[in-house]
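The structure under discussion appears below in the form of structure tokens.
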Amino acid sequence: MENAIVKVQKALKKWWKENGKSVIGGIVLGFAIIGGWQGWQGWQRSTGEEASVMFDTLRQAVRSGQTEKAIEEGKRLIGDYGGTAYASFAGMELARLAYQKGEKTAARGHLQWVADSAPDASLQEVARLQLGHLLLDMGERDALRTLLGKAPLTAFEGDFAVLRGDLARAEGDMAGAQAAYQEALAFGVDDEAMLRMKLVDAGGRGPAS
């Protein structure tokens with residue numbers, strides 16, 4: 001059961017990186033791993049059909065370039081169904097749209113809300129990881145250190161180790177960056193090639209493949 005949950009966490013972790021893929025399809029797969037079709041049906045009923053429709057409208061607006069409509073629909077979804085996974089996905093989408101517009105503070109607020117309010121721990125970790133990258137981009141290093149002070153879920157350990165390495169490198173601590181990147185390699189990450197490049201850039205050398 002524990003291994004199945006970790007698999008679901010890893011699947012959800014990829015949501016942000018794979019905007020072109022079906023979010024809902026990934027969740028269906030996750031529930032199939034854990035409890036099969038009955039589990040998915042129960043979850044679907046608990047979120048409400050209206051939340052599903054609103055989220056689909058948001059995604060269609062994004063695909064068609066109707067940014068303002070997408071933002072409006074996302075905010076309405078969060079306001080009406082804030083306790084659902086759909087609202088969490090909407091919050092992360094609003095963060096992405098805000099960042100594209102150069103509104104980093106707004107993006108930070110959306111991600112913080114998802115990290116605090118998502119109904120699933122793995123969704124919280126997805127938002128927390130993205131928030132960490134945003135804080136680094138904003139130069140908010142103290143806030144990032146605080147975020148990194150909380151131990152991540154098992155499926156996210158490698159990604160957070162990379163983030164620790166990025167912070168160390170930004171502060172000129174190359175030895176710390178190398179150690180964090182080596183730790184990330186040990187945990188495993190999706191883009192190992194990129195991680196090895198970061199390790200080399202920090203003055204280290206990755207283990208043989």
Side-chain angles (χ1 to χ4, degrees), residues 1 4-101 103-134 147 150 152-156 159 190:
M1 182 65 168
I5 292 173
V6 170
K7 288 180 181 178
V8 175
Q9 292 169 353
K10 288 182 177 179
L12 289 173
K13 181 179 67 175
K14 294 180 181 179
W15 179 85
W16 193 275
K17 301 176 183 178
E18 301 176 350
N19 288 311
K21 294 187 177 181
S22 171
V23 174
I24 301 304
I27 297 175
V28 173
L29 175 60
F31 274 99
I33 293 172
I34 291 180
W37 180 243
Q38 288 184 343
W40 158 247
Q41 286 182 316
W43 181 83
Q44 186 181 45
R45 285 193 298 270
S46 69
T47 59
E49 292 184 4
E50 180 65 19
S52 174
V53 171
M54 292 170 68
F55 181 68
D56 190 55
T57 300
L58 182 157
R59 295 175 65 210
Q60 289 178 16
V62 170
R63 286 196 295 268
S64 62
Q66 297 176 288
T67 302
E68 294 306 316
K69 180 179 179 180
I71 292 172
E72 179 183 347
E73 199 68 20
K75 290 180 177 179
R76 190 161 71 92
L77 173 52
I78 290 171
D80 293 348
Y81 298 95
T84 69
Y86 288 111
S88 297
F89 290 131
M92 286 189 280
E93 189 62 39
L94 289 178
R96 187 180 69 82
L97 293 173
Y99 186 86
Q100 287 181 342
K101 294 170 65 177
E103 299 172 355
K104 295 182 181 180
T105 300
R108 177 180 180 177
H110 290 306
L111 290 174
Q112 187 66 65
W113 179 82
V114 178
D116 293 339
S117 306
D120 179 84
S122 54
L123 288 178
Q124 292 176 9
E125 291 290 69
V126 171
R128 207 162 67 88
L129 182 61
Q130 296 305 320
L131 176 59
H133 286 293
L134 178 59
L147 182 148
K150 178 182 176 181
L153 297 176
T154 300
F156 296 81
D159 297 276
D190 293 330

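Taking CH2 from Trp113 and CG from Leu111, the interatomic distance works out to 11.5 Å, rounded to the nearest 0.5 Å. Rounded to the nearest 0.5 angstrom, Leu131 CG and His110 NE2 are separated by 12.5 Å. Interatomic distance, OG1 of Thr84 versus CD of Glu50, reported as 11.0 Å (0.5 Å rounding). With rounding to the nearest 0.5 Å, the separation of CD1 in Ile78 from CG in Leu58 is 9.0 Å.
Annotation for Ala95 and Ala107: closest pair O-CB, 3.4 Å, computed over non-hydrogen atoms. Pairing each heavy atom of Arg128 with each of Lys150, the nearest pair is NH2-O, 3.4 Å. Across all non-hydrogen atoms, the minimal contact from Ala115 to Ala127 is N-CB, 3.7 Å. When all heavy atoms of Val62 and Ala70 are compared, the closest pair comes out as CG2-CB, 3.7 Å. Scanning all heavy atoms of the two residues, the minimum distance from Ala106 to Ala98 falls at CB-CB, 4.1 Å.
By the side-chain contact (heavy atoms from CB on, under 4.5 Å) test, Lys104 pairs with Tyr99, Leu134, Asp137, Met138, sequence neighbours left out. In terms of the side-chain contact (heavy atoms from CB on, under 4.5 Å) criterion, residue partners of Ala118 (sequence neighbours excluded) are, by chain and number, Ser88, Val114, Leu123, Gln124. For Asp80, the side chain to side chain donor-acceptor pair (under 3.5 Å) test picks out no residue, with sequence neighbours left out. A search for side chain to side chain donor-acceptor pair (under 3.5 Å) contacts involving Glu72 returns nothing, not counting sequence neighbours. Here Glu103 pairs with nothing under the side chain to side chain donor-acceptor pair (under 3.5 Å) rule; sequence neighbours left out. Under the side chain to side chain donor-acceptor pair (under 3.5 Å) criterion, Thr67 pairs with no residue, sequence neighbours left out.
For the salt bridge (Lys or Arg N to Asp or Glu O under 4.0 Å) condition, the pairs that include at least one residue of residues 60-69, sequence neighbours left out, are Glu68-Lys101. For residues 108-119, every residue pair satisfying the salt bridge (Lys or Arg N to Asp or Glu O under 4.0 Å) rule, not counting sequence neighbours, is listed here: Arg108-Glu140.
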Pair Asp159-Glu125, side chain to side chain contact (heavy atoms under 4.5 Å, CB included): steps then yes or no: CA-CA 10 Å; Asp159 297 276; Glu125 291 290 69; over 6 Å; no
Full working for side chain to side chain contact (heavy atoms under 4.5 Å, CB included) between Ile71 and Lys75: CA-CA 6 Å; Ile71 292 172; Lys75 290 180 177 179; 3.7 Å; yes
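In this structure, the side chains of Phe89 and Phe55 come closer than 4.5 Å at one or more pairs of heavy atoms.
With hydrogens and angles ignored, the 3.5 Å screen pairs no side-chain donor or acceptor of Gln130 with any backbone N or O of Met92.
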